[in-house]
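In what follows, chains are A, B, ... by sequence order, proteins preceding strands, each numbered from 1.
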Number of protein chains: 2
Amino acid sequence: MGEAGQENQNLERNIADLCREFGLRLTGPRRIIMQVLSDSSDHPDVVELHRRVTAIEPTISLATVYRTVNLLREKGVLERHTFGDGRARYETTPREHHDHLIDVETGGVIEFHSEEIERLQEEIARKHGFTIVSHRLEIYVRPLKRSRT
Amino acid sequence: MGEAGQENQNLERNIADLCREFGLRLTGPRRIIMQVLSDSSDHPDVVELHRRVTAIEPTISLATVYRTVNLLREKGVLERHTFGDGRARYETTPREHHDHLIDVETGGVIEFHSEEIERLQEEIARKHGFTIVSHRLEIYVRPLKRSRT
DNA sequence: ATCTCAGATGCGTCGCATTCGCAAAAAACA
DNA sequence: TGTTTTTTGCGAATGCGACGCATCTGAGAT
């Protein structure tokens, strides 16, 4: 009978709660988009998200993905990044802030956090007479090669 | 008759050397664009650069500014940044690396450098098995307001 | 279960920043 | 000065993202 909602029942519930909390409607497209988002541990851009979403439900439009992603960002559910290239990439807001190591050879993204760097940033801002609104630290890296490859 | 090339003769020479070095032709537009660039201590975007350039020579097209700026970036003469907003902003590559504090209220950019943060970044990269290719640290800030203005 | 309607969607279009193609103009060089 | 190759200007094209509008739909009221 019901849909295939078996193991991700709690996930579904979370999405439902989320919508209710923000006064949003729990629509088919939204359900799927949010689903895809929480299944994505990487940092997909909107077109990639749309690809994944339409693999599940081909009628969902790119515009809706854009709108949903913006909505969720406004609500603080998603974070937007722009690594070098022009396009925006998203990740579900982590409970703990982190920065990114980007492998320039593979495009892979590794998350890290340094309390020490954070503290130094605060210090620098204060020293200049500012408070930090947000920040962005991206380290573009290349694997340490040992001898031969 | 002659141009106004009086005090910046050495600059002109630098530009000429630069072109020769890279096998580029020393053209009128290039001369002016490079001129404007070295006279700019802020971080102008391409449209702003074009504005400044056309104030000197109105026939220079936006496309040429884009092309020149890309060329100089490839050659390592310029650095490109993208602070939040969509457009790219440029600065002549500084001899000493620095990062940026961006005042979100005014859009103003302040440069800073922290040897300590640099060192921590190295450490983090190494710990993950990488070497740093480049990095980017932007701190978005707001002025500390004291009691009343 | 049905009605109602504000909110959501799909589609096509628009705007902005940037790039491209091509013919004309300008450097470098003989 | 003539020849060759690079640059330029112009306008059109691209890519990302946002928007307007007619249509559709979720979810509370009936």
Side-chain angles (χ1 to χ4, degrees), chain A residues 3 5 12-13 15-37 43-51 53-54 56-75 77-90, chain B residues 3 12 15-36 43-51 53-54 56-75 78 80-90 107:
Chain A
E3 342 249 302
E12 291 276 319
R13 188 144 311 285
I15 292 171
D17 288 351
L18 226 155
C19 283
R20 209 167 304 116
E21 178 181 349
F22 293 128
L24 303 175
R25 288 193 183 164
L26 181 55
T27 67
R30 250 170 220 173
R31 207 193 311 267
I32 293 173
I33 294 169
M34 287 168 153
Q35 172 83 36
V36 167
L37 280 167
H43 301 68
D45 62 48
V46 175
V47 172
E48 174 58 26
L49 277 177
H50 184 238
R51 225 189 308 279
V53 162
T54 50
I56 300 174
E57 172 52 67
T59 66
I60 295 173
S61 85
L62 183 57
T64 298
V65 179
Y66 270 110
R67 281 188 283 235
T68 304
V69 134
N70 281 334
L71 209 59
L72 295 177
R73 186 169 52 87
E74 281 166 25
K75 303 303 185 185
V77 179
L78 290 184
E79 261 178 27
R80 165 156 68 178
H81 304 287
T82 29
F83 303 134
D85 48 16
R87 78 208 112 209
R89 301 172 64 175
Y90 294 85
Chain B
E3 338 250 302
E12 291 276 320
I15 291 171
D17 289 350
L18 225 156
C19 283
R20 209 168 303 115
E21 179 181 346
F22 294 127
L24 301 176
R25 288 188 182 171
L26 181 55
T27 67
R30 254 172 216 169
R31 208 192 310 268
I32 293 174
I33 293 169
M34 287 168 152
Q35 171 82 35
V36 167
H43 301 68
D45 61 50
V46 175
V47 172
E48 173 58 25
L49 277 177
H50 184 238
R51 224 189 309 280
V53 162
T54 50
I56 300 174
E57 171 52 66
T59 66
I60 295 173
S61 84
L62 183 57
T64 298
V65 179
Y66 270 108
R67 280 187 284 235
T68 305
V69 133
N70 281 335
L71 209 57
L72 294 177
R73 185 168 52 87
E74 282 166 23
K75 303 301 186 185
L78 289 184
R80 164 155 69 176
H81 304 287
T82 28
F83 303 134
D85 50 18
R87 75 208 113 201
R89 301 172 67 173
Y90 294 85

Check: residues 82-89 of chain B side-chain donor-acceptor pairs under 3.5 Å, at least two apart:
residue	atom	partner	partner atom	Å
B/Thr82	OG1	B/Arg136	NH1	3.2
B/Arg89	NE	B/His43	O	2.7
B/Arg89	NH2	B/His43	O	3.3

* To do: Check whether any side-chain nitrogen or oxygen of A/Asn70 sits under 4.0 Å from OP1 or OP2 of D/dG17, and answer yes or no.
  => no
* Asked: Which stems, defined as runs of 3 or more consecutive Watson-Crick or G-U wobble pairs with both pairing distances under 3.5 Å, involve DNA chain C?
  -> C:1-30 with D:1-30
* Could a donor-acceptor pair under 3.5 angstrom be found where the side chain of A/Arg73 meets the base of D/dG17? -> no
* Side chains of A/Leu62 and A/Val46: does their closest heavy-atom pair fall under 4.5 Å? -> yes
* Asked: What is the nucleic acid contact for A/Arg87, judged by heavy atoms within less than 4.0 Å: base, sugar-phosphate only, or nothing?
  -> sugar-phosphate
* Are any of the side-chain heavy atoms of B/Leu49 and B/Tyr66 separated by less than 4.5 Å? -> no
* To do: Measure from CG on B/Leu62 to C1' on D/dT8 and round the result to the nearest Å.
  => 13 Å
* **Interatomic distance where CE belongs to A/Met34 and C1' belongs to C/dT9 [whole Å]** => 15 Å
* Asked: Any donor-acceptor pair under 3.5 Å between the side chain of A/Arg30 and the base of D/dG26?
  -> no
* Establish, with yes or no, whether the OP1 or OP2 oxygen of C/dT19 is under 4.0 angstrom from a side-chain nitrogen or oxygen of B/Tyr66. => no
* Using a heavy-atom cut-off of under 4.0 Å over every strand shown, decide if B/Leu24 touches base, sugar-phosphate, or nothing. => sugar-phosphate
* To do: Give, for atom CZ of A/Arg20 and atom CG of A/Leu18, the distance between the pair rounded to the nearest 0.5 Å.
  => 10.0 Å
* Structure fact -> Taken to the nearest 0.5 Å, the spacing of B/Ile15 CD1 from B/Leu24 CG works out to 12.5 Å
* Distance (rounded to the nearest 0.5 Å) between B/Arg80 CZ and B/Glu74 CD -> 10.0 Å
* To do: Indicate, yes or no, whether a donor-acceptor pair under 3.5 Å links the base of C/dG10 to the side chain of A/Arg67.
  => yes
* Would you tell me if any nitrogen or oxygen in the side chain of B/Thr27 comes within less than 4.0 Å of OP1 or OP2 on D/dT7? => no
* To do: Take B/Gly28 and B/Val47, find for each the nucleotide of DNA chain C with the closest heavy atom, and name the residue whose nucleotide sits nearer the 5' end.
  => B/Val47
* To do: For B/Leu71 and D/dT6, give me the distance from atom CG to atom C1', rounded to whole Å.
  => 11 Å
* Asked: Separation of B/Asp85 atom CG from D/dC16 atom P, in whole Å?
  -> 18 Å
* Distance from A/Thr64 atom OG1 to A/Arg67 atom CZ, nearest 0.5 Å? -> 5.0 Å
* Asked: Does the side chain of A/Thr68 reach to within under 4.5 Å of the side chain of A/Leu37, using non-hydrogen atoms?
  -> no
* **Selected nucleotide, minimal atom distance to A/Leu26 side chain, candidates D/dG9, D/dC19, D/dA27** => D/dA27
* Structure fact -> Rounded to whole Å, the NE2-P distance (A/His50 to D/dC16) equals 13 Å
* Once you round it to whole Å, what is the distance between C1' of D/dA18 and CZ of A/Arg80? -> 11 Å
* d(CD1, B/Ile60; P, C/dA25) in whole Å -> 17 Å
* **First encountered from the 5' end of DNA chain D, between B/Arg25 and B/Thr59** => B/Arg25
* Quickly work out the A/Glu57 CD to C/dA8 C1' distance and round it to whole Å. => 15 Å
* Asked: Heavy atoms under 4.0 Å, any strand shown: does A/Asp45 hit a base, just sugar-phosphate, or nothing?
  -> nothing
